Amino acid sequence: MKREKPVVSSKLARFTDRVVSLAQKAVVGDPDPAFEEGENGYADWVIVTIHGLREYLDHTYRRLLDVLHEMHGIVAQLDLAVADLPDFTTVCTRKQDLEMRIWRVLLRLSAELHDLGDVQAIDATGMDRIAASQHYAKRTNYTFEAVKTTLLSDCKTGAILDIHCSMKQPHDSKIGWQMVKRNLDKLNILTADKGYDWWLLRQRLRAEGVKPVIKHREFGWHGIANNLLQDDTIYHQRSNAESTFFALRRKYGEIVRARTWFGQFRELVLKCAVRNIELSVSHSSP
């Protein structure tokens, strides 16, 4: 008798399974049925999952829905039939209606998929906004060329623990404390560059039991001496944060495409969550 080969789920199927699970946990209360007749029709967790797939597959809304019509197994994980898939315009519009809370909970849950190490890092960069016509820029006060993006990441796993987005240019040290106090339960040692050199930040970290490894600005002998006393092995793990930014740009694009600032913030949070889920799928056995 011919032996049946074991069924091995694809990486895409495992990714979809995890996005569905986390999206259902991110919505308030018990998850709604995937589709019901009515104005909105599709449950929030279905829309979140489809957006996660869009980032993961790097498709436009229209192309993604075309591809899903040929992927019966993936659509079944959404508890939908192919004939019940939403139009791409519905997916695009519903994203703006979902509260930021859902996207942030999704990011937090995706970080919990990883066994974090002892060292975490914080760093910032600018994520370019999509180019717009001069007429559109004037009509919408489109004056910022980049979104200032700060990430708090784990140096061992590369998981992104938190993100802060701003259309202005606030000082890194102030942003650093806002992010740290939201994630104190995940931090052991925090490393950062000179942009986070603030005595009060170090004091607050030590008071919470977190060891700061933050470079001092060398304005005098005091700063030089403190830098010499730091553990360079720990400090240089900060480069993992730069690697995370590089990976986000390479895999999910260098440009934020949403038109509105709040849409751009949601897009960046989603990119981070998708990266966390993809990493967890890659590290797990099929």
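Side chains included, hydrogens not; waters and symmetry mates left out as well; all remaining heavy atoms used. Keep in mind the model is a prediction, meaning the values are calculated, not measured.
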Engineer: Could you please spell out the steps behind the side-chain contact (heavy atoms from CB on, under 4.5 Å) verdict for L151 and C272?
Structural biologist: CA-CA 9 Å; L151 295 184; C272 293; 3.8 Å; yes
Engineer: Would you compute the distance between atom CD1 of I102 and atom CD1 of I47 and round it to the nearest 0.5 angstrom?
Structural biologist: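 Separation between the atoms: 11.0 Å.
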Engineer: Do D32 and D44 have side chains that get closer than 4.5 Å, going by heavy atoms?
Structural biologist: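 A side-chain contact under 4.5 Å is absent here.
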Engineer: Can you give each donor-acceptor pair under 3.5 Å made by side-chain atoms of residues 120-127, sequence neighbours left out, with the distance rounded to 0.1 Å?
Structural biologist:
residue, atom, partner, partner atom, Å
Q120, OE1, N188, N, 3.1
Q120, NE2, G117, O, 2.9
Q120, NE2, D154, OD1, 3.0
T125, OG1, R249, NH2, 3.0

Engineer: Consider only side-chain heavy atoms of I, L, V, M, F, W and Y, link residues closer than 4.5 Å, and tell whether V48 and V20 are in one cluster.
Structural biologist: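 Yes, because V48 and V20 connect within a single hydrophobic cluster, where side-chain heavy atoms sit under 4.5 Å apart.
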Engineer: Return yes if some donor-acceptor pair links the side-chain N/O of S239 with the main-chain N/O of H236 below 3.5 Å, else return no.
Structural biologist: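 Confirmed, S239 side chain pairs with H236 backbone.
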Engineer: Could R104 and D162 be called an ion pair, given the rule that one side-chain N must be under 4.0 Å from one carboxylate O?
Structural biologist: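 D162 and R104: salt-bridged.
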Engineer: For residues Y196 and V119: do they belong to one hydrophobic cluster (side chain heavy atoms under 4.5 Å, members Ile, Leu, Val, Met, Phe, Trp, Tyr)?
Structural biologist: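 Unlinked, Y196 and V119 end up in two clusters.
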Engineer: Between H59 and Y61, does a side-chain contact (heavy atoms from CB on, under 4.5 Å) hold up when you go through it step by step?
Structural biologist: CA-CA 6 Å; H59 289 333; Y61 291 107; over 6 Å; no
Engineer: Could you pull out all residues at least two apart from T60 that satisfy side chain to side chain contact (heavy atoms under 4.5 Å, CB included)?
Structural biologist: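 For T60 the side chain to side chain contact (heavy atoms under 4.5 Å, CB included) partners, ignoring immediate neighbours, are R62, R63.
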Engineer: Which residues pass the side-chain hydrogen bond (donor to acceptor under 3.5 Å, both in side chains) test with D197, sequence neighbours left out?
Structural biologist: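 Partners of D197 under the side-chain hydrogen bond (donor to acceptor under 3.5 Å, both in side chains) test: R202, R217.
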Engineer: Pair I50, L78 - check side-chain contact (heavy atoms from CB on, under 4.5 Å), show working.
Structural biologist: CA-CA 9 Å; I50 294 176; L78 301 176; 4.1 Å; yes
Engineer: I want to check something: taking the side chain as every heavy atom from C-beta on, are V105 and K25 in contact at a cut-off of under 4.5 Å?
Structural biologist: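 Sidechains of K25 and V105: no contact.
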Engineer: When clusters are formed by joining ILVMFWY residues with side-chain heavy atoms under 4.5 Å apart, either directly or through shared neighbours, do V281 and L107 land in the same one?
Structural biologist: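 Yes, one cluster joins them.
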Engineer: In terms of heavy-atom contacts, does NZ of K11 have more than 12 from other residues, nucleotides or ligands at under 6.0 Å?
Structural biologist: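 Yes, NZ of K11 has more than 12 neighbouring heavy atoms, counting only those of other groups under 6.0 Å.
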Engineer: Quick check: closest heavy atoms across L65 and P86, and the distance to 0.1 Å?
Structural biologist: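 That closest heavy-atom pairing would be CD1-O, 3.1 Å.
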Engineer: Using only atom types and a distance under 3.5 Å, with no angle test, would you say the side chain of R250 pairs donor to acceptor with the backbone of F245?
Structural biologist: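 Here the side-chain-to-backbone pair does not exist.
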Engineer: I need the minimum non-hydrogen distance between P212 and L205, along with the two atoms involved.
Structural biologist: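 In terms of heavy atoms, the two residues are closest at CB-CD1, 3.7 Å.
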Engineer: Could you pull out all residues at least two apart from E99 that satisfy salt bridge (Lys or Arg N to Asp or Glu O under 4.0 Å)?
Structural biologist: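 Listed in chain order: nothing, the list is empty.
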Engineer: Less than 4.5 Å apart, side chain to side chain, heavy atoms only: is that true for L57 and L12?
Structural biologist: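 Yes. Closest side-chain heavy atoms under 4.5 Å.
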Engineer: Side chains of R238 and K215: does their closest heavy-atom pair fall under 4.5 Å?
Structural biologist: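 The answer is no, as the side chains (C-beta and beyond) never meet within the 4.5 Å cut-off.
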Engineer: Restricting to non-hydrogen atoms, name the atom on V274 and the atom on E55 that form the minimum distance, rounded to 0.1 Å.
Structural biologist: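 So the minimum-distance heavy-atom pair works out to CG2-CB, 4.0 Å.
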Engineer: Side-chain contact, heavy-atom cut-off 4.5 Å: K211 with R206?
Structural biologist: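 No, their side chains stay 4.5 Å or more apart.
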Engineer: When rounded to the nearest 0.5 angstrom, what is the spacing between CD in Q24 and OG1 in T49?
Structural biologist: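 The CD atom of Q24 sits 7.0 Å away from the OG1 atom of T49.
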Engineer: Might you work through the side-chain contact (heavy atoms from CB on, under 4.5 Å) test for M71 and V82, ending with a clear yes or no?
Structural biologist: CA-CA 8 Å; M71 301 173 69; V82 169; over 6 Å; no
Engineer: What's the spacing between N276 CG and L22 CG if we round to 0.5 Å?
Structural biologist: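 The distance works out to 9.5 Å.
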Engineer: If the condition is salt bridge (Lys or Arg N to Asp or Glu O under 4.0 Å), which residues does K148 pass it with, not counting sequence neighbours?
Structural biologist: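 Residues passing salt bridge (Lys or Arg N to Asp or Glu O under 4.0 Å) with K148: D172.
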Engineer: Could you check whether any side-chain heavy atom of L53 comes within less than 4.5 Å of a side-chain heavy atom of V19, counting everything from C-beta outward?
Structural biologist: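 L53 does not reach V19 side chain to side chain.
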Engineer: Say you draw a straight line from CZ of R18 to CG of L109; how long is it, rounded to the nearest 0.5 Å?
Structural biologist: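 That separation rounds to 13.5 Å.
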Engineer: Distance from L80 atom CG to L68 atom CG, nearest 0.5 Å?
Structural biologist: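 So the CG of L80 and the CG of L68 are separated by 10.0 Å.
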Engineer: Please say whether more than 12 non-hydrogen atoms of neighbouring residues, nucleotides or ligands are located less than 6.0 Å from CG in D185.
Structural biologist: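 More than 12 heavy atoms, drawn from other residues, nucleotides or ligands, come within 6.0 Å of this atom.
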Engineer: Between S153 and G158, is there a donor-acceptor pair closer than 3.5 Å when you use the side chain of the first and the backbone of the second?
Structural biologist: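 Checking the backbone N and O of G158 against the side chain of S153, no donor-acceptor pair under 3.5 Å is found.
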Engineer: Hey, is the main chain of L98 close enough, under 3.5 Å, to the side chain of R266 for a donor-acceptor pair?
Structural biologist: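 Yes; at least one donor-acceptor contact below 3.5 Å.
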Engineer: Closer than 4.0 angstrom, basic N to acidic O: yes or no for D118 and K156?
Structural biologist: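 Judged by the 4.0 Å cut-off on N to carboxylate O distance, D118 and K156 do not form a salt bridge.
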Engineer: Less than 4.5 Å apart, side chain to side chain, heavy atoms only: is that true for F262 and Q96?
Structural biologist: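 Of all side-chain heavy-atom pairs linking Q96 with F262, at least one is under 4.5 Å.
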Engineer: Working to the nearest 0.5 angstrom, can you tell me the gap between Y56 OH and F15 CZ?
Structural biologist: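 Result: 6.5 Å between the selected atoms.
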Engineer: For L248 and R275, which heavy atoms make the closest approach, and how far apart are they?
Structural biologist: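 Reported closest heavy-atom pair: CD2-CD, 3.9 Å.
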Engineer: Taking W45 as the starting point, is it possible to reach V269 by hopping between hydrophobic residues whose side chains are less than 4.5 Å apart?
Structural biologist: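 Yes; tracing contacts between hydrophobic side chains, which count when under 4.5 Å, links both residues.
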Engineer: Which atom names give the shortest non-hydrogen contact between R94 and A43, and what distance separates them?
Structural biologist: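 So the two residues come closest at NH2-C, 3.9 Å.
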Engineer: Are M179 and T150 side-chain neighbours, meaning at least one heavy-atom pair lies under 4.5 Å?
Structural biologist: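 SC-SC contact between M179 and T150 confirmed.
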Engineer: Does S21 reach the main-chain N or O of D17 with its side chain, forming a donor-acceptor pair under 3.5 Å?
Structural biologist: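 Checking the backbone N and O of D17 against the side chain of S21, no donor-acceptor pair under 3.5 Å is found.
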Engineer: Within a reach of under 6.0 Å around NZ of K251, are more than 12 heavy atoms found that belong to other residues, nucleotides or ligands?
Structural biologist: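 Check passes, neighbour count above 12.
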Engineer: Give the cluster check for Y235 versus I214: same hydrophobic cluster or not, with ILVMFWY residues linked at side-chain heavy-atom distances below 4.5 Å.
Structural biologist: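 No; tracing contacts between hydrophobic side chains, which count when under 4.5 Å, never links both residues.
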Engineer: If you compare all heavy atoms of C165 against all heavy atoms of V147, which two are closest, and at what distance to 0.1 Å?
Structural biologist: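 Closest heavy-atom pair between C165 and V147: CB-CG1, 4.0 Å.
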Engineer: Taking E208 first and then R204, would you say they form a salt bridge - that is, a charged N and a carboxylate O separated by under 4.0 Å?
Structural biologist: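 A salt bridge is absent here (no side-chain N lies under 4.0 Å from a carboxylate O).
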Engineer: Please list all pairs passing the ring-ring contact (aromatic ring centres under 6.0 Å, His included) test where one or both residues lie in residues 72-105, with sequence neighbours left out.
Structural biologist: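 Qualifying pairs: none.
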